[in-house]
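Inspection log for the structure reproduced underneath, given as structure tokens.
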Amino acid sequence: MAYKDVVLKYLSHVSPYEIAKFVGVDTEIVESLSEEIKNIRISDLHADFVLRADDDILHIEFQQEMKSDTLRRFYVYNALLTRQFERVVDTYIVYLGKGKIPTPVIEGKMVKFTPAFIRVADMDATEVLEKAKNGNIIAMALMPLMKNCTKEKMVELIDTEARINSEGLRNDVIASTLLMSSTVYEEGFIRDMKRRLIQMYDVDIFKEERKAALEEG
């Protein structure tokens, strides 16, 4: 049996208090969590995107809300990825919500986890629209959630997206933009933008969906 296995087997019979005191934590109340640890399933963890950018590993999460366990979950996944790739992993949280939340940080004596935090509501729709012709597709799709976004700017954005050459990319970004818009604007405005796409650009991104719905109905 390996030395580590022998030590762990022995320590399993020692009082948790004694173990804590050995590492410098002197407190009367010490509890073993071994039974709870057995219930942890790593398969429950899921990252939105893990990317390699040159020599960097990027862990990117899009979050509609930040629950009490969200940051801890990202922290654990960051650690798993760090072990997997044997290098520091950069975590980014793209926050889609509007509510104000504290800057996310996990900090202790021996660790500090401070992911980069991007609050979409603080981004300026005007800047995104100015760069729309050669801009970032994700920023365009999320523009309805940004400050200074208006219906007029949304119409201008949709017009720009309708001119994207790649049909697949065009349909994806328009569908994403309309979905984001539907969380901000009334249904009638969304219908008007869809109608504009068809009449002015002969772009009907929901044609297949309507056909499938008719066949099912």
Side-chain angles (χ1 to χ4, degrees), residues 46-66 74 77 81 84-85 87 89-98 115-217:
H46 172 73
D48 288 339
F49 297 97
V50 178
L51 311 174
R52 185 190 300 275
D54 292 331
D55 291 331
D56 296 327
I57 303 298
L58 311 180
H59 165 214
I60 304 171
E61 298 282 354
F62 287 78
Q63 283 298 120
Q64 178 67 36
E65 57 183 347
M66 295 290 291
F74 295 162
Y77 206 90
L81 292 171
Q84 172 72 30
F85 296 105
R87 67 183 67 189
V89 174
D90 299 325
T91 295
Y92 296 79
I93 301 175
V94 181
Y95 181 55
L96 307 179
K98 292 184 177 181
F117 192 72
I118 302 168
R119 193 188 301 271
V120 174
D122 290 343
M123 299 176 68
D124 195 337
T126 303
E127 296 180 3
V128 174
L129 190 57
E130 288 174 352
K131 303 175 183 177
K133 290 184 180 180
N134 300 299
N136 180 271
I137 295 298
I138 302 299
M140 293 164 68
L142 297 180
M143 199 181 91
L145 306 180
M146 299 177 188
K147 65 181 181 181
N148 298 325
C149 189
T150 63
K151 290 183 178 180
E152 291 75 17
K153 290 178 181 177
M154 283 307 310
V155 171
E156 187 175 346
L157 176 65
I158 287 292
D159 287 351
T160 302
E161 293 176 346
R163 301 186 185 99
I164 295 176
N165 291 328
S166 170
E167 181 178 358
L169 177 61
R170 180 190 66 204
N171 290 351
D172 286 343
V173 68
I174 291 177
S176 299
T177 302
L178 290 175
L179 177 61
M180 290 295 101
S181 298
S182 67
T183 67
V184 178
Y185 300 104
E186 67 276 10
E187 184 178 348
F189 176 64
I190 306 302
R191 283 200 303 267
D192 289 342
M193 287 201 294
K194 293 177 182 178
R195 191 178 302 113
R196 181 184 181 88
L197 284 168
I198 296 173
Q199 293 177 349
M200 294 187 62
Y201 303 101
D202 193 28
V203 173
D204 186 4
I205 60 173
F206 298 106
K207 180 170 59 179
E208 295 299 325
E209 286 81 351
R210 280 200 298 274
K211 181 179 178 182
L214 288 172
E215 291 175 352
E216 292 178 4

Rounded distance (nearest 0.5 Å) linking atom [atom1] of [X] with atom [atom2] of [Y]:
{"X": "I174", "Y": "L197", "atom1": "CD1", "atom2": "CG", "result": "5.0 Å"}
{"X": "E161", "Y": "D172", "atom1": "CD", "atom2": "CG", "result": "11.0 Å"}
{"X": "N171", "Y": "I164", "atom1": "CG", "atom2": "CD1", "result": "9.5 Å"}
{"X": "R195", "Y": "D204", "atom1": "CZ", "atom2": "CG", "result": "12.0 Å"}
{"X": "L129", "Y": "E152", "atom1": "CG", "atom2": "CD", "result": "11.5 Å"}
{"X": "D159", "Y": "M193", "atom1": "CG", "atom2": "CE", "result": "10.0 Å"}

With side chain to side chain contact (heavy atoms under 4.5 Å, CB included) as the test, would you mind laying out the steps for I158 and L178 before giving the verdict?
CA-CA 9 Å; I158 287 292; L178 290 175; 4.1 Å; yes
Contacts satisfying ring-ring contact (aromatic ring centres under 6.0 Å, His included) that involve residues 117-164 (not counting sequence neighbours) are Y95-F117
I need the full list of ring-ring contact (aromatic ring centres under 6.0 Å, His included) pairs touching residues 145-175, with sequence neighbours left out, sorted by first then second residue.
none
Which heavy atom in A141 sits nearest to a heavy atom in T177, and how many Å separate them?
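Taking A141 first and T177 second, the nearest heavy atoms are CA-OG1, 3.4 Å.
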What pair of heavy atoms forms the shortest contact from G97 to A121, and how long is it?
O-CB, 4.2 Å
Pairs meeting criterion salt bridge (charged side-chain N to carboxylate O under 4.0 Å, His left out) with involvement of residues 128-146, two or more places apart:
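Residue pairs passing salt bridge (charged side-chain N to carboxylate O under 4.0 Å, His left out), neighbours aside: none found.
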The complete set of salt bridge (charged side-chain N to carboxylate O under 4.0 Å, His left out) pairs with one or both residues in residues 179-188, sequence neighbours excluded, reads K151-E186, E187-R191
Taking only residues two or more places apart in sequence or in another chain, which ones pass ring-ring contact (aromatic ring centres under 6.0 Å, His included) with F189?
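Scan of F189 (ring-ring contact (aromatic ring centres under 6.0 Å, His included), adjacent residues dropped) gives Y185.
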Polar side-chain atom of T160 near backbone of E156 as donor-acceptor pair, under 3.5 Å
yes
Return yes if some donor-acceptor pair links the side-chain N/O of R170 with the main-chain N/O of V203 below 3.5 Å, else return no.
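Pair absent, no side-chain N/O of R170 close to backbone of V203.
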Partner set under side chain to side chain donor-acceptor pair (under 3.5 Å) for [X], not counting sequence neighbours:
{"X": "T126", "value": "D124, K153"}
{"X": "S181", "value": "none"}
{"X": "E61", "value": "H59"}
{"X": "D122", "value": "R119"}

Should I57 and Q84 be marked as a side chain to side chain contact (heavy atoms under 4.5 Å, CB included) after you check the CA-CA gap, both sets of side-chain angles, and the distance that decides it?
CA-CA 11 Å; I57 303 298; Q84 172 72 30; over 6 Å; no
Check against side chain to side chain contact (heavy atoms under 4.5 Å, CB included), V50 and Y77
CA-CA 11 Å; V50 178; Y77 206 90; 4.3 Å; yes
Output, in order, the C-alpha distance, side-chain angles, deciding distance and verdict of side chain to side chain contact (heavy atoms under 4.5 Å, CB included) for M143 and M140.
CA-CA 5 Å; M143 199 181 91; M140 293 164 68; 5.7 Å; no
In chain order, what residues pass the salt bridge (charged side-chain N to carboxylate O under 4.0 Å, His left out) check against R52, with sequence neighbours excluded?
none
Excluding sequence neighbours, so at least two apart, what forms salt bridge (charged side-chain N to carboxylate O under 4.0 Å, His left out) with R163?
none
By side-chain contact (heavy atoms from CB on, under 4.5 Å), F62 pairs with (sequence neighbours left out) D48, F49, I60, V94, L96, I138, L142
Using side-chain heavy atoms (C-beta onward) and a distance below 4.5 Å, is M154 in contact with V184?
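The answer is no; the side chains never approach within 4.5 Å.
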